[in-house]
Undergrad: 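I have a structure here, written as structure tokens, and I will follow up with some questions on it.
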2 protein chains.
Amino acid sequence: MTAPRRRDAVATRDAILRAGVEGFTRHGYDGIGVREIAQTAGVTAMLVNRYFGSKEGLFAEVVEASMADRTVLTDDPATLARDLAAALVRRTAPHADDLDPFLLMLRSAPNPRAAEILRAGIEKHVEAHVLDVAPESRGTERAAMALSVVAGFWLMRKVIGSTSLNGADEAALVRTLEQLFTLLLHP
Amino acid sequence: MTAPRRRDAVATRDAILRAGVEGFTRHGYDGIGVREIAQTAGVTAMLVNRYFGSKEGLFAEVVEASMADRTVLTDDPATLARDLAAALVRRTAPHADDLDPFLLMLRSAPNPRAAEILRAGIEKHVEAHVLDVAPESRGTERAAMALSVVAGFWLMRKVIGSTSLNGADEAALVRTLEQLFTLLLHP
DNA sequence: CCCTCATGTATACACTCGTAGACATAACTT
DNA sequence: AAGTTATGTCTACGAGTGTATACATGAGGG
């Protein structure tokens, strides 16, 4: 029985947003309800709608917040392929339990409304950033292809749970992924 | 007003199964209900449970049936990379509307029960087949990696709807994908 | 022809969903 | 200290979920 938190609009709003990031990332847009998100934040379901308009409105802000901070991409073009490969393998390890935007995307994409929000967020944040770091010819397509590889690997390893990928030697996975990213980002 | 179809257990069961393939592939496991599937098949929701035990039971048979017939993979090792790349780009074209097992996987994976069924189906059918066609060292891992690339590309192009990938030159996409698959399957 | 069983339907239950409207209370202003 | 407004909760509604039980009906065998 914790003391009833002082009334603070911005703090409450932030708590709901963080609970939304966690809930949507772990269970996907259709896999969690506003009541459960609100309970994690310690408030009532209706406050979600008051601060974010609707479940969809909260999801849009969650996508925005989740894609804003970088988790996988580095800024150094020279070591981009290797760093990306290493970070990808590390963050998709069987016991890793991070709240990555890719998990948010993979688990929420089946809902058409969520997919549209995700598409906008990806093109605004992620593709643009890859393009900054590796501005080659046909850069946008290659950035999108690199994202495809990242998303596919993430899906198979963490959402599907492929035993082949989870039982593989991690150093070998990093080497293979580095080859793929080098091909895509430094043609 | 069609004539009320003659009573035929196997035909009805097959109709439900085909409606299940269509429904689960288009909307994902959580995105469609048994009533809608039953209506597509022209029967009542309860018949789904009578013939398949439950929604989850129907999904398991849908996965089995959908992964049984090959849509993307060819059998000739020599042209595997190119054929795979070409088929992938063709079947993920913006106006293509096929019922591919990859769409079934991408849209149903967020549900944990569905993910487990999918994982088993993938390892039974798809990975094994890739391994047959391209038996290299570390074959299982490389087959799984190739599947990751296919799944990621499918996700970005058809589920997310990346404008970069959908606006790109298709021949260029095929060339890039062929390079990736060659790297993975003919190291 | 009629009886029987397989095939299909109708109803209902217990639950969850997103969200709307009315109400309560804490905190700041005057 | 009193009033006002922002902040949060309670109740409820209409719709949809998967599925269990009871009932209806058509088709084949005696």
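The chains referred to below are lettered A, B, ... by the order of the sequence lines, with proteins before strands, and numbering in each begins at 1.
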Undergrad: By nearest atom, which of the nucleotides D:dT9, C:dA27, D:dT19 is closest to the B:K55 side chain?
TA: D:dT19

Undergrad: What is the distance from CG of B:D8 to P of C:dT7, rounded to the nearest Å?
TA: 9 Å

Undergrad: On a heavy-atom basis, which atom in B:L103 and which in B:D98 lie closest, and how many Å separate them?
TA: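 Heavy atoms of B:L103 and B:D98 come nearest at CD1-O, 3.8 Å.
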
Undergrad: Has the side chain of A:T44 got a donor or acceptor atom that lies under 3.5 Å from a matching backbone atom of A:M46?
TA: no

Undergrad: CD of B:E36 versus C1' of D:dA15: gap in Å, rounded?
TA: 15 Å

Undergrad: For residues 9-35 of chain B, which residues have at least one heavy atom under 4.0 Å from DNA chain C?
TA: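 Hits under 4.0 Å, by residue number: B:A9, B:T12, B:R35.
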
Undergrad: Show me the pairs that pass salt bridge (charged side-chain N to carboxylate O under 4.0 Å, His left out) and involve residues 101-120 of chain A, at least two apart or across chains.
TA: A:E56-A:R113, A:E116-A:R119, A:R119-A:E123

Undergrad: Could you list the residues that satisfy salt bridge (Lys or Arg N to Asp or Glu O under 4.0 Å) with B:E36, not counting sequence neighbours?
TA: none

Undergrad: Between B:Y29 and B:F24, how do the two ring planes meet: parallel, tilted or perpendicular, split at 30° and 60°?
TA: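 B:Y29 vs B:F24 ring planes: parallel.
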
Undergrad: Quick one: does B:S54's side chain have a donor or acceptor within less than 3.5 Å of a partner on B:G57's backbone?
TA: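 Yes; at least one donor-acceptor contact below 3.5 Å.
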
Undergrad: Using the salt bridge (charged side-chain N to carboxylate O under 4.0 Å, His left out) rule, collect all pairs that involve residues 147-175 of chain B, keeping only residues at least two apart or in two chains.
TA: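 Non-adjacent pairs meeting salt bridge (charged side-chain N to carboxylate O under 4.0 Å, His left out): B:R157-B:E170.
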
Undergrad: Would A:V43 and A:R13 count as a side chain to side chain contact (heavy atoms under 4.5 Å, CB included) if you check the C-alpha gap in whole Å, the side-chain angles of each, and the deciding distance to 0.1 Å?
TA: CA-CA 10 Å; A:V43 296; A:R13 201 191 132 96; over 6 Å; no

Undergrad: Just to be sure I understand: a Watson-Crick pair is purine N1 to pyrimidine N3 plus N6-O4 or O6-N4, both under 3.5 Å. Using that and G-U wobbles, which stems of three or more pairs involve DNA chain D?
TA: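 In DNA chain D, stems of three or more pairs: C:1-30 with D:1-30.
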
Undergrad: Kindly compute the distance separating CG (B:N166) from NE2 (B:H95), expressed to the nearest 0.5 Å.
TA: 9.5 Å

Undergrad: What is the separation between atom CZ on B:R7 and atom P on C:dT7, rounded to the nearest whole Å?
TA: 9 Å

Undergrad: Can you sort out which residues in residues 46-53 of chain B have a heavy atom within less than 4.0 Å of DNA chain D? Ascending by number, please.
TA: B:M46, B:N49

Undergrad: Quick one: A:I37 CD1 to C:dC17 P, roughly how many Å, whole number?
TA: 10 Å

Undergrad: Would you please classify the geometry between the A:W154 ring and the A:F102 ring as parallel, tilted or perpendicular, with 30° and 60° separating the classes?
TA: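 If you compare the ring of A:F102 with that of A:W154, the planes turn out parallel.
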
